[in-house]
Structure formats: structure tokens, C-alpha cells
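Bear in mind the structure is a predicted one, so any value in this text is a computation, not a measurement.
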Amino acid sequence: MSFTSHMDTALAEARAAALRGEVPVGAVVVSPGGEVIARAGNRTRELNDPTAHAEILAIRAACAALGSERLTGHDLYVSLEPCPMCAAAISFARIRRLYYGAADPKSGGTAHGARVFAHPQCHHVPEVYDGIGAAEAERLLKAFFDQKR
């Protein structure tokens with residue numbers, strides 16, 4: 001089976017989030033066979049829920065669709081480096097691979113900040129691939145925050 005990136009789908013979710021006035025972050029859960037199981041964009045403002053990050057919403061939807069609290073063998077594509085909360089959820093869900101676009105030196109939780117996967121308390125560490133679609137993800141974020149200032 002050849003590799004197919006689903007970052008374009010995550011970026012589409014990020015663009016949709018921006019149109020809703022949300023920070024433009026999108027996430028996609030992909031099955032071991034390459035099928036998109038769930039997709040989401042940030043909805044923290046819309047839902048008045050600080051946990052409604054794209055990753056959390058996509059993981060919740062995928063778990064509901066599969067009837068399981070674990071997503072063993074599944075991959076997650078996210079347009080921005082996950083925060084510590086999302087990184088913990090990724091670990092708890094047993095995501096196989098995490099692919100993300102833009103780095104987040106201010107609030108990231110994988111390569112920056114808390115580095116959740118590096119802690120001995122972290123029971124599952126996914127394979128992590130960064131920088132995929134980073135330029136477009138960074139452009140979306142910069143444009144969004146430029147409009148807010």
C-alpha cells in the first residue's frame with residue numbers, strides 16, 4: 001500500500017474553521033486502510049467549550065463511529081502541532097501515527113512546551129511526522145490572527 005497524505009483534508013477543515021471565526025485548525029482520523037473516519041475543525045467558540053479542539057472532536061467522532069475508546073492502528077492528521085491536552089488524548093486513543101503541519105512553539109505539546117510523548121507517564125507514543133503542509137497551515141494561522149489585530 002502506498003502512502004497517501006490526508007493533510008489537504010485537515011487544511012480544508014482549518015479553512016472552514018476560520019470561516020466560522022475559529023482558530024484555523026483542522027484534523028482528520030484515517031483508518032489503517034486509508035479511509036477517512038472522521039474530520040473536524042476547531043469549534044471552541046461556537047460550542048463555548050475549551051476542549052472543542054479539532055483533534056478532540058475528530059477523535060470523539062472516530063471513536064463513536066467505531067464504537068471504541070481506542071483508535072489502534074489509526075492515523076491523525078492535524079494542521080497545527082497538538083497542544084498538551086490534545087497530545088494526551090492522542091496517546092489515550094492509541095493513535096498509531098500523528099502527522100502535523102505547523103509547529104506551535106507557544107502552545108504546542110509534542111515538540112514544544114510539555115512534550116507529552118516524552119514523559120514516562122505517557123503510556124502510548126505515536127510515530128510523529130511534522131512539517132507536512134506547514135507552509136499552508138502557517139499562512140492560514142497568520143492571516144487569521146492578522147485579521148484579529
If you take all heavy atoms of A40 and L57, which pair is closest and at what distance?
CB-CB, 3.7 Å
Please say yes or no: joined through hydrophobic side-chain contacts below 4.5 Å, possibly via intermediate residues, are F117 and I59 part of one cluster?
yes
Start with the C-alpha gap between Y77 and L98, add the side-chain angles, then the distance that decides, and say whether side chain to side chain contact (heavy atoms under 4.5 Å, CB included) holds.
CA-CA 6 Å; Y77 290 80; L98 166 64; over 6 Å; no
Answer yes or no: is there a side-chain heavy-atom contact under 4.5 Å between S79 and L140?
no
Kindly compute the distance separating CE (M85) from CD (E55), expressed to the nearest 0.5 Å.
7.5 Å
Contact summary for D8 and R15, nearest pair of heavy atoms
O-NH2, 4.2 Å
With side chain to side chain contact (heavy atoms under 4.5 Å, CB included) as the test, would you mind laying out the steps for L71 and L66 before giving the verdict?
CA-CA 8 Å; L71 297 171; L66 296 172; 3.5 Å; yes
Roughly how far apart are K106 NZ and C83 SG, rounded to 0.5 Å?
13.0 Å
Side chain proximity check, L76 to R97, heavy atoms < 4.5 angstrom
no
Check: R115 side chain, P84 main-chain N or O, donor-acceptor pair, under 3.5 Å:
no
In chain order, what residues pass the side-chain contact (heavy atoms from CB on, under 4.5 Å) check against D49, with sequence neighbours excluded?
L47, T51, A52, R60
Within-4.5 Å side-chain heavy-atom neighbours: Y129 and E127
yes
Among residues at least two apart in sequence or on other chains, which ones pass side-chain contact (heavy atoms from CB on, under 4.5 Å) with R70?
S68, T72, R94
Compare all side-chain heavy atoms of I37 with those of E35 and state whether any distance is below 4.5 angstrom.
yes
Chi angles and distances behind the side chain to side chain contact (heavy atoms under 4.5 Å, CB included) call for S91, V125:
CA-CA 6 Å; S91 177; V125 178; over 6 Å; no
Applying side-chain contact (heavy atoms from CB on, under 4.5 Å), name anything that partners E81, two or more places apart in sequence or on another chain.
Y100, A103, D104, T110, A111, H112
Considering residues at least two apart in sequence or located in another chain, which fulfil the side-chain contact (heavy atoms from CB on, under 4.5 Å) criterion with A61?
A38
Hydrophobic cluster identity match, L11 and V36, side-chain contacts under 4.5 Å:
yes
Side-chain touch V78/Y99, heavy atoms, less than 4.5 angstrom
no
Give, for atom CG of D75 and atom OG of S5, the distance between the pair rounded to the nearest 0.5 Å.
10.5 Å
Taking all non-hydrogen atoms of both residues into account, name the closest pair between P82 and A87 and its distance.
CB-N, 4.1 Å
Measuring only between side-chain heavy atoms, which start at C-beta, is V128 closer than 4.5 Å to P126?
yes
To the nearest 0.5 Å, how far apart are CZ in F92 and NE2 in H124?
12.0 Å
What side-chain donor-acceptor pairs closer than 3.5 Å can you find for residues 141-148, not counting sequence neighbours?
| from | atom 1 | to | atom 2 | distance (Å) |
| --- | --- | --- | --- | --- |
| K142 | NZ | D146 | OD2 | 3.2 |

Throw together a table of side-chain donor-acceptor distances under 3.5 angstrom for residues 21-30, partners on residues two or more places apart or in other chains.
| from | atom 1 | to | atom 2 | distance (Å) |
| --- | --- | --- | --- | --- |
| E22 | OE1 | T44 | N | 3.1 |
| E22 | OE1 | T44 | OG1 | 3.3 |
| E22 | OE1 | R45 | N | 3.1 |
| E22 | OE2 | R45 | N | 3.1 |
| E22 | OE2 | E46 | N | 2.7 |

Mind checking the OG-CG spacing from S107 to L80? Nearest 0.5 Å is all I need.
8.5 Å
